S.K.: 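Below you will find the structure I want to go over with you.
Letters go in sequence order (proteins before strands), and every chain restarts at 1. Just so you know, these numbers come straight off a predicted model, no measurement behind them.
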Amino acid sequence: EPEVTQTPSHQVTQMGQEVILRCVPISNHLYFYWYRQILGQKVEFLVSFYNNEISEKSEIFDDQFSVERPDGSNFTLKIRSTKLEDSAMYFCASRLWGGETQYFGPGTRLLVL
Amino acid sequence: SQQGEEDPQALSIQEGENATMNCSYKTSINNLQWYRQNSGRGLVHLILIRSNEREKHSGRLRVTLDTSKKSSSLLITASRAADTASYFCATGRDDKIIFGKGTRLHILP
(Lines give C-alpha, C1' and ligand atoms only; values in the text may rest on other atoms or scores of the structure.)
Protein backbone atom coordinates (compact mmCIF):
# COMPACT_ATOMS: atom_id res chain seq x y z
CA GLU A 1 0.00 0.00 0.00
CA PRO A 2 1.43 3.42 -0.93
CA GLU A 3 2.71 5.48 1.98
CA VAL A 4 3.95 8.97 2.69
CA THR A 5 7.62 8.83 3.58
CA GLN A 6 9.72 11.39 5.42
CA THR A 7 13.43 11.91 5.87
CA PRO A 8 15.30 12.12 8.10
CA SER A 9 13.50 10.36 10.92
CA HIS A 10 15.50 12.38 13.46
CA GLN A 11 17.44 15.60 13.14
CA VAL A 12 19.46 17.48 15.72
CA THR A 13 20.55 21.01 14.92
CA GLN A 14 21.98 24.07 16.58
CA MET A 15 19.82 27.11 17.17
CA GLY A 16 20.07 29.50 14.24
CA GLN A 17 20.85 26.81 11.69
CA GLU A 18 18.72 26.07 8.67
CA VAL A 19 17.00 22.71 8.35
CA ILE A 20 15.18 21.10 5.47
CA LEU A 21 12.71 18.35 6.17
CA ARG A 22 11.81 16.13 3.27
CA CYS A 23 8.66 14.29 2.37
CA VAL A 24 7.64 12.07 -0.50
CA PRO A 25 3.85 12.16 -0.74
CA ILE A 26 1.81 9.35 -2.20
CA SER A 27 2.45 9.47 -5.92
CA ASN A 28 -0.96 10.39 -7.33
CA HIS A 29 -1.84 12.83 -4.55
CA LEU A 30 -2.09 16.52 -5.37
CA TYR A 31 -2.59 18.19 -2.00
CA PHE A 32 0.23 18.38 0.52
CA TYR A 33 0.44 19.47 4.13
CA TRP A 34 2.80 20.01 7.02
CA TYR A 35 1.80 19.66 10.65
CA ARG A 36 3.84 19.70 13.81
CA GLN A 37 3.46 18.24 17.28
CA ILE A 38 5.43 19.68 20.15
CA LEU A 39 6.16 16.99 22.73
CA GLY A 40 3.11 16.30 24.85
CA GLN A 41 0.90 18.67 22.87
CA LYS A 42 -1.60 18.27 20.09
CA VAL A 43 -0.89 18.12 16.40
CA GLU A 44 -1.03 21.60 14.81
CA PHE A 45 -1.62 22.56 11.19
CA LEU A 46 1.20 24.53 9.57
CA VAL A 47 0.51 24.82 5.86
CA SER A 48 -1.33 23.35 2.90
CA PHE A 49 0.02 23.33 -0.66
CA TYR A 50 -1.63 22.72 -4.00
CA ASN A 51 -0.71 23.44 -7.59
CA ASN A 52 2.72 24.71 -6.58
CA GLU A 53 1.49 27.31 -4.18
CA ILE A 54 0.46 27.68 -0.58
CA SER A 55 -3.30 27.30 -0.13
CA GLU A 56 -3.45 28.16 3.54
CA LYS A 57 -1.03 28.69 6.39
CA SER A 58 -1.38 29.02 10.12
CA GLU A 59 -0.04 31.73 12.41
CA ILE A 60 2.83 29.39 13.28
CA PHE A 61 4.02 29.41 9.67
CA ASP A 62 5.89 32.70 9.76
CA ASP A 63 8.65 34.05 7.52
CA GLN A 64 11.13 31.56 8.92
CA PHE A 65 9.22 28.72 7.26
CA SER A 66 8.93 27.91 3.59
CA VAL A 67 7.72 24.98 1.54
CA GLU A 68 8.69 23.79 -1.88
CA ARG A 69 7.98 21.04 -4.33
CA PRO A 70 11.35 20.98 -6.08
CA ASP A 71 10.52 18.09 -8.38
CA GLY A 72 7.68 15.71 -9.15
CA SER A 73 8.04 13.67 -6.01
CA ASN A 74 9.48 15.63 -3.09
CA PHE A 75 7.82 18.17 -0.83
CA THR A 76 10.06 20.05 1.58
CA LEU A 77 9.71 22.22 4.66
CA LYS A 78 12.55 24.63 5.33
CA ILE A 79 13.13 26.43 8.58
CA ARG A 80 15.62 29.21 7.91
CA SER A 81 16.92 29.97 11.38
CA THR A 82 15.79 27.44 13.91
CA LYS A 83 14.71 28.38 17.41
CA LEU A 84 14.56 26.20 20.50
CA GLU A 85 10.78 26.25 20.30
CA ASP A 86 10.89 24.69 16.83
CA SER A 87 11.76 21.39 18.49
CA ALA A 88 8.87 19.11 17.60
CA MET A 89 7.74 16.19 15.49
CA TYR A 90 6.96 17.39 11.99
CA PHE A 91 4.44 15.44 9.95
CA CYS A 92 3.86 15.60 6.24
CA ALA A 93 0.52 14.55 4.80
CA SER A 94 -0.98 14.22 1.36
CA ARG A 95 -4.44 13.89 -0.12
CA LEU A 96 -5.90 12.69 -3.36
CA TRP A 97 -7.80 15.15 -5.54
CA GLY A 98 -11.46 14.67 -4.61
CA GLY A 99 -10.53 12.65 -1.53
CA GLU A 100 -11.18 13.67 2.05
CA THR A 101 -8.57 11.71 3.93
CA GLN A 102 -5.12 13.08 4.60
CA TYR A 103 -2.49 10.38 4.88
CA PHE A 104 0.35 11.12 7.22
CA GLY A 105 3.98 10.20 7.09
CA PRO A 106 5.88 8.79 10.07
CA GLY A 107 7.26 12.19 11.03
CA THR A 108 10.65 13.81 11.52
CA ARG A 109 11.66 14.49 15.09
CA LEU A 110 13.54 17.79 15.16
CA LEU A 111 15.59 18.77 18.17
CA VAL A 112 17.04 22.28 18.30
CA LEU A 113 19.84 22.77 20.81
CA SER B 1 -11.74 27.44 17.34
CA GLN B 2 -13.23 24.30 15.85
CA GLN B 3 -10.82 21.98 17.63
CA GLY B 4 -11.96 18.61 18.83
CA GLU B 5 -11.62 17.82 22.49
CA GLU B 6 -11.46 14.20 23.53
CA ASP B 7 -12.84 12.70 26.67
CA PRO B 8 -11.49 11.01 28.71
CA GLN B 9 -7.88 12.16 28.58
CA ALA B 10 -6.75 8.69 29.63
CA LEU B 11 -8.44 5.32 29.75
CA SER B 12 -7.23 1.96 31.05
CA ILE B 13 -9.27 -1.18 30.41
CA GLN B 14 -8.77 -4.93 30.46
CA GLU B 15 -7.99 -6.73 27.25
CA GLY B 16 -11.18 -7.93 25.67
CA GLU B 17 -13.30 -5.09 26.99
CA ASN B 18 -14.74 -2.33 24.83
CA ALA B 19 -13.21 1.14 24.85
CA THR B 20 -15.27 4.25 24.21
CA MET B 21 -13.77 7.66 23.56
CA ASN B 22 -15.70 10.84 22.98
CA CYS B 23 -14.97 14.02 21.11
CA SER B 24 -16.63 17.40 21.06
CA TYR B 25 -16.05 20.27 18.67
CA LYS B 26 -17.25 23.81 18.27
CA THR B 27 -17.93 24.82 14.69
CA SER B 28 -19.44 23.31 11.56
CA ILE B 29 -17.42 20.63 9.86
CA ASN B 30 -17.18 18.76 6.57
CA ASN B 31 -16.07 15.56 8.24
CA LEU B 32 -14.63 14.15 11.41
CA GLN B 33 -11.77 11.71 11.48
CA TRP B 34 -10.12 9.53 14.08
CA TYR B 35 -6.40 8.87 14.10
CA ARG B 36 -4.20 6.63 16.21
CA GLN B 37 -0.68 7.41 17.32
CA ASN B 38 1.57 4.90 18.98
CA SER B 39 3.98 6.48 21.43
CA GLY B 40 6.17 8.99 19.61
CA ARG B 41 5.30 7.58 16.23
CA GLY B 42 3.29 8.62 13.18
CA LEU B 43 -0.42 9.19 12.80
CA VAL B 44 -2.49 6.35 11.41
CA HIS B 45 -5.84 7.20 9.88
CA LEU B 46 -8.58 5.01 11.31
CA ILE B 47 -11.90 6.19 10.00
CA LEU B 48 -13.65 9.22 8.50
CA ILE B 49 -17.29 10.09 8.97
CA ARG B 50 -18.92 12.78 6.89
CA SER B 51 -21.13 15.46 8.38
CA ASN B 52 -24.23 13.90 6.81
CA GLU B 53 -23.50 10.47 8.27
CA ARG B 54 -24.51 9.31 11.73
CA GLU B 55 -22.65 6.05 12.16
CA LYS B 56 -19.85 4.18 10.48
CA HIS B 57 -18.14 0.85 11.06
CA SER B 58 -14.71 -0.45 10.17
CA GLY B 59 -13.68 -3.80 11.61
CA ARG B 60 -13.72 -3.46 15.40
CA LEU B 61 -14.26 0.30 15.16
CA ARG B 62 -17.58 2.05 15.38
CA VAL B 63 -17.86 5.79 15.05
CA THR B 64 -20.93 7.92 15.65
CA LEU B 65 -21.47 11.55 14.85
CA ASP B 66 -24.11 13.87 16.26
CA THR B 67 -23.84 17.20 14.50
CA SER B 68 -26.63 18.72 16.59
CA LYS B 69 -24.53 18.13 19.70
CA LYS B 70 -21.24 18.61 17.89
CA SER B 71 -19.94 15.35 19.25
CA SER B 72 -18.56 12.03 18.11
CA SER B 73 -17.65 8.78 19.74
CA LEU B 74 -15.20 6.05 18.85
CA LEU B 75 -15.88 2.55 20.10
CA ILE B 76 -13.22 -0.14 19.90
CA THR B 77 -14.71 -3.55 20.57
CA ALA B 78 -12.88 -6.56 21.99
CA SER B 79 -9.75 -4.53 22.75
CA ARG B 80 -6.28 -5.99 22.26
CA ALA B 81 -2.90 -5.09 23.69
CA ALA B 82 -1.95 -3.67 20.30
CA ASP B 83 -4.72 -1.08 20.64
CA THR B 84 -2.67 0.70 23.30
CA ALA B 85 -2.05 4.15 21.78
CA SER B 86 -3.28 7.72 21.75
CA TYR B 87 -6.45 8.37 19.79
CA PHE B 88 -7.20 11.75 18.27
CA CYS B 89 -10.35 13.11 16.79
CA ALA B 90 -9.75 15.61 14.04
CA THR B 91 -12.27 17.88 12.41
CA GLY B 92 -11.96 18.72 8.77
CA ARG B 93 -13.01 21.98 7.22
CA ASP B 94 -11.53 24.16 4.50
CA ASP B 95 -8.96 21.51 3.73
CA LYS B 96 -7.13 21.50 7.03
CA ILE B 97 -7.47 19.20 9.98
CA ILE B 98 -7.77 20.44 13.52
CA PHE B 99 -6.71 17.85 16.07
CA GLY B 100 -7.82 17.44 19.63
CA LYS B 101 -5.52 16.65 22.50
CA GLY B 102 -6.21 12.96 22.34
CA THR B 103 -7.18 10.10 24.62
CA ARG B 104 -4.40 7.84 25.88
CA LEU B 105 -5.74 4.30 25.82
CA HIS B 106 -3.95 1.59 27.76
CA ILE B 107 -5.05 -2.01 27.39
CA LEU B 108 -4.17 -4.10 30.41
CA PRO B 109 -3.25 -7.76 29.89
Side-chain angles (χ1 to χ4, degrees), chain A residues 1-7 9-10 21 23-24 26 29-51 53-61 87-111, chain B residues 1-10 21 23-53 56 58-59 61 63 65 72 74 85-104:
Chain A
E1 187 173 332
E3 292 179 332
V4 176
T5 59
Q6 291 185 240
T7 55
S9 57
H10 294 77
L21 310 182
C23 168
V24 179
I26 295 173
H29 287 193
L30 298 179
Y31 296 84
F32 313 118
Y33 310 84
W34 284 101
Y35 293 79
R36 79 170 186 193
Q37 183 182 32
I38 294 171
L39 187 64
Q41 298 187 24
K42 57 186 174 182
V43 178
E44 301 172 288
F45 169 80
L46 292 178
V47 66
S48 58
F49 189 87
Y50 169 71
N51 198 27
E53 59 183 31
I54 290 173
S55 309
E56 186 172 355
K57 59 184 180 180
S58 71
E59 292 176 353
I60 303 167
F61 194 88
S87 294
M89 181 79 100
Y90 288 81
F91 293 105
C92 171
S94 69
R95 176 173 71 85
L96 189 62
W97 184 87
E100 294 171 281
T101 301
Q102 294 183 21
Y103 293 91
F104 284 74
T108 292
R109 186 173 295 283
L110 176 66
L111 179 60
Chain B
S1 141
Q2 67 177 73
Q3 65 191 44
E5 296 292 343
E6 292 89 342
D7 166 53
Q9 291 186 345
M21 290 160 272
C23 167
S24 61
Y25 58 93
K26 295 179 182 177
T27 64
S28 63
I29 59 171
N30 295 331
N31 58 61
L32 187 142
Q33 305 175 52
W34 286 89
Y35 286 82
R36 185 184 73 221
Q37 184 181 35
N38 289 70
S39 180
R41 307 286 295 276
L43 294 158
V44 176
H45 181 261
L46 295 176
I47 195 165
L48 178 150
I49 186 165
R50 295 188 179 89
S51 60
N52 62 352
E53 297 176 312
K56 204 161 184 179
S58 176
L61 305 180
V63 169
L65 179 64
S72 173
L74 171 68
S86 289
Y87 291 82
F88 297 91
C89 82
T91 50
R93 186 181 180 190
D94 298 331
D95 198 33
K96 66 183 178 191
I97 296 176
I98 306 295
F99 285 83
K101 294 180 182 177
T103 292
R104 291 187 309 279

S.K.: Between B:Ser86 and B:Arg104, what is the shortest heavy-atom contact and its length?
M.R.: OG-CG, 3.4 Å
S.K.: For the residue pair B:Phe88 and B:Tyr35, is the inter-centroid distance of their aromatic rings smaller than 6.0 Å?
M.R.: no
S.K.: Using a heavy-atom cutoff of under 4.5 Å, enumerate the residues of residues 32-40 of chain A that contact chain B, numbered in order, or state 'none'.
M.R.: A:Tyr33, A:Tyr35, A:Gln37
S.K.: If you tally heavy-atom pairs under 4.5 Å against chain A, which of B:Asn31, B:Val44, B:Ile97 wins?
M.R.: B:Ile97
S.K.: What are the two closest non-hydrogen atoms of B:Leu43 and B:Phe99, and how far apart are they?
M.R.: CD1-CZ, 4.2 Å
S.K.: More than 12 heavy atoms of other residues, nucleotides or ligands under 6.0 Å from CD of A:Glu3: yes or no?
M.R.: no
S.K.: I'd like to know if the side chain of B:Glu53 and the backbone of B:Leu65 have a donor-acceptor N/O pair within less than 3.5 Å.
M.R.: no
S.K.: If you count heavy-atom pairs under 4.5 Å between each of A:Glu44, A:Arg95, A:Gln102, A:Gln6 and chain B, which one has the most?
M.R.: A:Gln102
S.K.: B:Asp7: which residues meet the side-chain hydrogen bond (donor to acceptor under 3.5 Å, both in side chains) condition with it, sequence neighbours left out?
M.R.: none
S.K.: Pick one of side chain, backbone, both or neither for B:Leu48, based on which atoms fall under 4.5 Å of a heavy atom in chain A.
M.R.: side chain
S.K.: Just how far is it from atom NZ of A:Lys57 to atom OG of A:Ser48, taken to the nearest 0.5 Å?
M.R.: 11.0 Å
